[in-house]
Colleague: 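Okay, here's the structure, questions in a sec.
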Amino acid sequence: MRLSLLELLRCPRCRAGASFEADARVSDGSEIREGVVRCRECGLERPIEGGIVDLLYEPPDFVVREAAGLQRFAEVMRRDGWDRERIRQLPNVHLGYWGEQQRAMRYVLTTVPLRAGERILDLGANTCWASNLFARRGLDVVALDITSTELQGLRTAEYFIDSGEVYFERVLSLMFAPAFADASFDYVFCCLTMHHNDPENLRRTMREMHRILRPGGRLLMVNEPLRFPLRLKRDHGKEVAEFEGHEHVYFLHEYWRAARAAGFRVAFPGVRAAAYGLRGHDAHVPPPKGRLAPLKAFLRRHVAGRRLIHGYRIAYYWWKHAIAGDASLDLFASKRSGG
Ligand SMILES: [Zn+2]
């Protein structure tokens with residue numbers, strides 16, 4: 001960690017903001033590698049190990065079990081051939097669900113005007129692949145997770161930062177009680193993270209993200225699994241139960257309601273995605289093919305036609321996200337400028 005991180009921290013015991021001071025034992029010219037942070041208000045002392053600040057203070061049992069499960073999962077990954085080189089390519093690998101992460105990241109990077117120097121929290125950073133991408137765009141990044149485990153936690157950050165090309169902070173903390181001061185971030189990004197909360201902690205995490213964002217700041221939540229009236233997924237998480245991932249699955253409206261209850265302004269689900277689909281379609285996809293091609297081309301040339309396509313996309317969005325499935329949720333929410 002670097003000293004500039006201290007002003008963002010909040011003591012997880014006494015909740016005083018910017019109350020930590022650092023005692024460096026080993027530094028490497030870029031950051032403090034070994035040492036402690038100490039709260040001036042209550043005296044709480046927490047370690048800095050391998051550059052990672054450990055503010056995981058008295059984590060509940062299920063978090064301890066989830067962290068242990070991630071460690072077991074890292075061993076499975078290692079046996080499956082995951083290594084430094086493959087991690088450094090993320091999300092651009094042709095494996096499992098990574099196609100979805102590529103799509104989600106493209107959506108974020110093409111629709112959100114991220115500017116160099118803005119501060120972003122990567123919530124549930126895991127291998128820190130997104131932290132790396134944001135840091136490469138010049139953002140000031142903090143990665144948060146519940147474990148340091150290599151391949152499934154914050155120590156994986158070394159694969160990116162030891163080259164000296166990028167830097168980002170790594171903090172062990174709880175998403176529903178993050179050790180950050182109020183109004184510390186311009187953005188919170190999370191990918192496949194929020195559903196690791198039970199319903200009460202989902203609402204709590206939303207409130208905490210609202211608290212740590214600056215007025216006007218935005219929550220960028222992508223790829224959360226959804227359940228649907230026509231596809232209830234009662235056995236969600238069963239295939240990974242041995243890793244105690246504390247996984248849940250929610251309806252679209254449950255995420256939406258939790259964000260609104262926390263004080264966020266949330267666009268009517270689907271409108272933004274549909275608009276993006278239309279623009280994305282115009283920008284990247286070759287001219288329509290097939291029997292309906294002339295009709296589609298005709299519609300796209302006219303305002304009324306484009307509105308029709310937009311309406312169709314919104315209807316399709318609702319069908320895929322709220323009724324039949326199967327799609328994951330991208331939800332962007334913003335903190336009101338006055339609040
Ligand atoms: Zn304290």
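Atoms within each ligand, like the ligands themselves, are counted from 1 in listed order. The model shown is predicted, which means the values in this text are computed figures rather than measured ones.
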Colleague: Do the side chains of Glu165 and Arg136 get close enough for a salt bridge, i.e. N-O under 4.0 angstrom?
Modeller: yes
Colleague: Hey, is Arg38 close enough to Glu45 for a salt bridge, meaning N to O under 4.0 Å?
Modeller: yes
Colleague: Around the Zn ion (ligand 1), how many protein N, O or S atoms are found at less than 2.8 Å?
Modeller: 4
Colleague: Show the numbers, then the answer: is there a side chain to side chain contact (heavy atoms under 4.5 Å, CB included) between Glu118 and Asp140?
Modeller: CA-CA 6 Å; Glu118 288 183 313; Asp140 206 344; over 6 Å; no
Colleague: Report yes or no: do Glu85 and Tyr159 form a side-chain donor-acceptor pair below 3.5 Å?
Modeller: no
Colleague: Strictly below 4.0 Å, N to O, side chains only: are Asp326 and Arg231 in salt-bridge contact?
Modeller: yes
Colleague: Run the salt-bridge test on Arg86 and Asp80 with the 4.0 Å N-O cut-off and return the result as yes or no.
Modeller: no
